[in-house]
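Structure, as structure tokens:
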Amino acid sequence: MSKRPFFVGYLGMPRALAMFLAVVVGVLLGTGAVVATVIVEGQRDWGDGGFQWGEGQQTRTGIVMADPYPILFLPPDADHPFGRTIPLSGVGKTGVQKIAREMQGKPVDVSGVVLRRDDFEMIQVSGNEGLVAAADPAPVAGWTGPDIETLGRVTLKGELLDSKCFHGAMRPGQGKTHKLCANLCLIGGVPLTFLIRRADGSVESLLMADPAGMEITGALLDYVSQAIELTGELERRGDLLVFKVDPGTVRRL
Amino acid sequence: MSVGYRPVLWNANKLWYDGALGLFVGLYLILFLRYAPGLLESPVIGGAELRMRAFGSCAFLMLTIILCIGPLARLDTRFLPLLYNRRHFGVMTFFVATAHLWAVSGWYLAFSPLDPWVALLVSNTDISFLGFPFEWLGMAALAILFTMAATSHDFWLHFLSPPIWKRLHMLVYLCYGLVVMHVALGLLQSETGTAYPLMVGLSLLAVAGLHLTAGSVEAKRDRQQVVVTADGDWIKAVRIDSLTPDHGHPVALPNGERVAVFRYGETGEKISALSNVCAHQNGPLGEGKIVFGCVTCPWHGFQYDPETGRSPPPFTEKVPTYRVRRDGDFVMIDTKALPAGTPTPPILLTDGPA
Ligand code: FES
């Protein structure tokens, strides 16, 4: 008779084999622990943006523009000599094109929850009552929105994003694993932005538009969340940069 | 073995197995989710996204282990108990993978006017390599895991017949390939560190390396056997004194089939030969042993009478038998298999000197 232990599932477990298996289980548990730790530790930093629920419902008064995507322009003040721009989205993966178009160019009160990532701000508009004619238009009296300044033709490298997830609605709110989610947001009408990195490492988020200054989501959907290159006219509106591109210039990197 | 079916037949070894499995999954998930500071909110990633990664990576690791068990057991029989209840491992993997899908659909696919299932299929249609909807690959892998989990019970094994069932369950390799591509075209494109590609690489290395090693060890063993074509269909298979009583001895025939030769009886005086392929799930009978007078499969313990190839009543499984005779110090085998369950006389060593 040989000493090789033989295991029959419905009979008892030979002692030597039980010891061996205990070691195997220990090794597997250890492997699991190492893998879990390495994966958690090895993740990129996806930024700490997010909904500012703690600030409650916020209201901002400014001029709304519907194209290429709904944006609220706040007039210049001491801290913001160029004024401020705040991209707008609806609740969930929706846009507010319809109400923005009705109020196009008019002074409005926008209320909703603020999303903030570093210096970037966005508002999730709380339904139809979240975008109404300004109750007190005095703060924007005599101002019709920012001047448009053409900066010329440029070629830029970056990543197309849905602005809402980039501001922290999702973390990661960019990159390949998030592409499907980003596409859903964009199809729903959330403003499409182009994230570029300057030489000094700081980032800039450009609002995308077609050459006529209208929305361009459908033509660029297949290039979202990838490293690409685009060529077009850059334009400044207050502190916002608008990148008007011909979708034909897109190049995957 | 099967006379009637019960949902799952439990015994102490299966309970230990499932306990260890539950411990593995539980510890992995707790460590993964708790490890991120603040339990559900971490400074670098959202809680929902962390859960997606916890379930996804756990399922990938489990699939890797499942695929390593087979070759490990071929290389060292002490790993056979891991194989014994591997189907529970597979079913558990399916549940963990489903939790991964559920985490994704409850977050990345939610909050949209589109139905999440429609969204999954239509919202990314970029089929370039870098933009590929890797989610589709994950769905295909999950569909395979589901099919395997749903047909894991022995009822399906008999309903589909062992060869078809076995072929169906070989899809696990396709499933693994799909998962690797799902990760390569998804997470590996988002995360820039070296840790992630390294771990996927180690998984591939373990799975491929163990399969190649087990294959080459077996091929070498087959080559070492004394297989000389003698008169007609008979071959000189193995030296009698190389047979350990009560232990199987696999022999490769020139036609590629494998035969399990057993020396057994009170004093090890009998020698019989059966097909190496167990009627249950094609387990290797040649690596089995004689228990209570029966050839016992190393995988799940199905038993066969060495002289008839039939399971002891009330069981009804049968395997082909082979005619044997003695030629001096050698066992001769007729390479033409007899129909499953055909009684055939053993070599009786008492008839002459061994
Ligand atoms: S393969 Fe299951 S008992 Fe042989």
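In what follows, every chain begins at residue 1, and chains take the letters A, B, ... in the order their sequences are listed. It should be emphasised that the depicted structure is a prediction, and the values quoted were computed from it without experimental measurement.
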key: Under 4.5 Å from any heavy atom of chain A - which part of B/Phe24   = both
request  = Sort out for me which of B/Ser112, B/Ala195, B/Ser123 touches chain A most, counting heavy-atom pairs under 4.5 Å.
outcome  = B/Ser123
task = Count the heavy atoms of every other residue, nucleotide or ligand shown that sit under 6.0 Å from CZ of A/Arg44, and state whether that count exceeds 12.
result = yes
request  = Answer with side chain, backbone, both or neither: which region of B/Glu135 has an atom nearer than 4.5 Å to a non-hydrogen atom of chain A?
outcome  = side chain
ask   = For the candidates B/Phe79, B/Tyr196, B/Phe111, which exhibits the highest count of non-hydrogen atom pairs separated by less than 4.5 Å from chain A?
value = B/Tyr196
Chain A contact via B/Ala54 - which portion, at a heavy-atom distance below 4.5 Å = neither
inquiry  = Is it true that, when you exclude A/Arg15 itself, more than 12 heavy atoms of the residues, nucleotides or ligands shown sit nearer than 6.0 Å to its CZ?
reply    = no
query = Roughly how far apart are A/Arg171 CZ and B/Leu50 CG, rounded to 0.5 Å?
reply = 10.0 Å
request  = Please round to the nearest 0.5 Å and tell me the distance separating atom CD1 of B/Ile45 and atom CD of A/Gln43.
outcome  = 4.0 Å
task = Please name the pair of heavy atoms, one in B/Phe134 and one in A/Thr177, separated by the smallest distance, quoted to 0.1 Å.
result = CZ-CA, 3.7 Å
ask   = Do side-chain atoms of A/Lys93 reach the backbone of B/Leu114 as a donor and acceptor pair under 3.5 angstrom?
value = no
inquiry  = Between B/Leu23 and chain A, with a heavy-atom cut-off of 4.5 Å, which part of the residue counts as in contact: side chain, backbone, both or neither?
reply    = both
key: Which of A/Leu28, A/Thr94, A/Val91 touches chain B most, by non-hydrogen pairs under 4.5 Å   = A/Leu28
inquiry  = Under 4.5 Å from any heavy atom of chain A, what part of B/Leu188 do you find: side chain, backbone, both or neither?
reply    = neither
inquiry  = Counting heavy-atom pairs under 4.5 Å with chain A, which one of B/Ser57, B/Pro298, B/Gly268 comes out on top?
reply    = B/Pro298
query = Hey, which of B/Cys58, B/Gly193, B/Ala20, B/Ala110 has the most heavy atom pairs under 4.5 Å with chain A?
reply = B/Ala110
ask   = Can you check whether B/Phe32 reaches A/Val40 side chain to side chain, under 4.5 Å on heavy atoms?
value = yes
note = From the list A/Ala227, A/Gly92, A/Gly42, the residue making the most non-hydrogen contacts under 4.5 Å with chain B is A/Gly42
ask   = Given A/Tyr223 and B/Asp126, is the side-chain contact (heavy atoms from CB on, under 4.5 Å) satisfied, shown in steps?
value = CA-CA 8 Å; A/Tyr223 302 94; B/Asp126 170 17; 5.9 Å; no
task = Give a yes or no on this: more than 12 heavy atoms of other residues, nucleotides or ligands lie within 6.0 Å of atom CG of A/Asp119.
result = no
ask   = When you look at B/Phe129 and A/Arg252, which way does the side-chain contact (heavy atoms from CB on, under 4.5 Å) test go after all the steps?
value = CA-CA 11 Å; B/Phe129 183 71; A/Arg252 291 181 212 264; over 6 Å; no
query = Does the side chain of B/Glu191 reach to within under 4.5 Å of the side chain of A/Trp46, using non-hydrogen atoms?
reply = yes
Atom CD of A/Glu55 with >12 non-hydrogen neighbours under 6.0 angstrom = yes
request  = Please look at B/Cys297 and chain A and tell me whether the side chain, the backbone, both or neither of the residue comes under 4.5 angstrom of a heavy atom of that chain.
outcome  = backbone
query = Atom CG of A/Asp222 and atom CG of B/Asn124: how far apart are they, to the nearest 0.5 Å?
reply = 7.0 Å
task = Measure the spacing between CD1 of A/Ile39 and CE of B/Met199 and express it to the nearest 0.5 Å.
result = 4.0 Å
Part of B/Trp107 within contact of chain A (heavy atom distance under 4.5 Å) = both
key: OG1-CG distance between B/Thr125 and A/Leu221, expressed to the nearest 0.5 angstrom   = 6.5 Å
inquiry  = Can you tell me which portion of B/Leu120 sits under 4.5 Å from chain A's heavy atoms? Options are side chain, backbone, both or neither.
reply    = both
inquiry  = Between A/Leu21, A/Leu180, A/Asn183, who has the most heavy-atom pairs with chain B when the cutoff is under 4.5 Å?
reply    = A/Leu180
task = Tell me, for A/Ala169 versus chain B, whether the close heavy atoms (under 4.5 Å) come from the side chain, the backbone, both or neither.
result = backbone
Least distance between heavy atoms, B/Arg53 atom then A/Pro172 atom = NH2-CG, 3.7 Å
inquiry  = Is A/Ile187 in contact with chain B via its backbone, its side chain, both, or neither, using a 4.5 Å heavy-atom distance?
reply    = side chain
request  = Mark yes when over 12 heavy atoms from residues, nucleotides or ligands other than B/Ile127 sit less than 6.0 Å from its CD1; otherwise mark no.
outcome  = no
message = Quick check for you: among B/Thr194, B/Thr192, B/Leu27, B/Leu80, which has the greatest number of heavy-atom pairs under 4.5 Å with chain A?
response = B/Thr192
query = Side chain, backbone, both or neither: which part of B/Leu61 has an atom under 4.5 Å from a heavy atom of chain A?
reply = side chain
task = Would you name the heavy atoms of A/Lys176 and B/Phe132 that are closest together and state the gap between them?
result = NZ-O, 2.9 Å
ask   = Side chain, backbone, both or neither: which part of B/Leu187 has an atom under 4.5 Å from a heavy atom of chain A?
value = both
remark   = Value for CZ (B/Arg78) from CE (A/Met19), rounded to nearest 0.5 Å, stands at 12.0 Å
query = Counting only heavy atoms not in B/Trp16, do more than 12 sit closer than 6.0 Å to its CH2 atom?
reply = no
ask   = B/Tyr17 versus chain A, heavy atoms under 4.5 Å apart: side chain, backbone, both or neither?
value = neither
inquiry  = If you compare all heavy atoms of B/Ser190 against all heavy atoms of A/Gly175, which two are closest, and at what distance to 0.1 Å?
reply    = OG-C, 3.5 Å
key: chain B contact via A/Ile228 - side chain, backbone, both or neither, heavy atoms under 4.5 Å   = neither
message = Could you report the tightest heavy-atom contact between A/Val35 and B/Tyr28, atom names first, then the distance?
response = CG1-OH, 3.7 Å
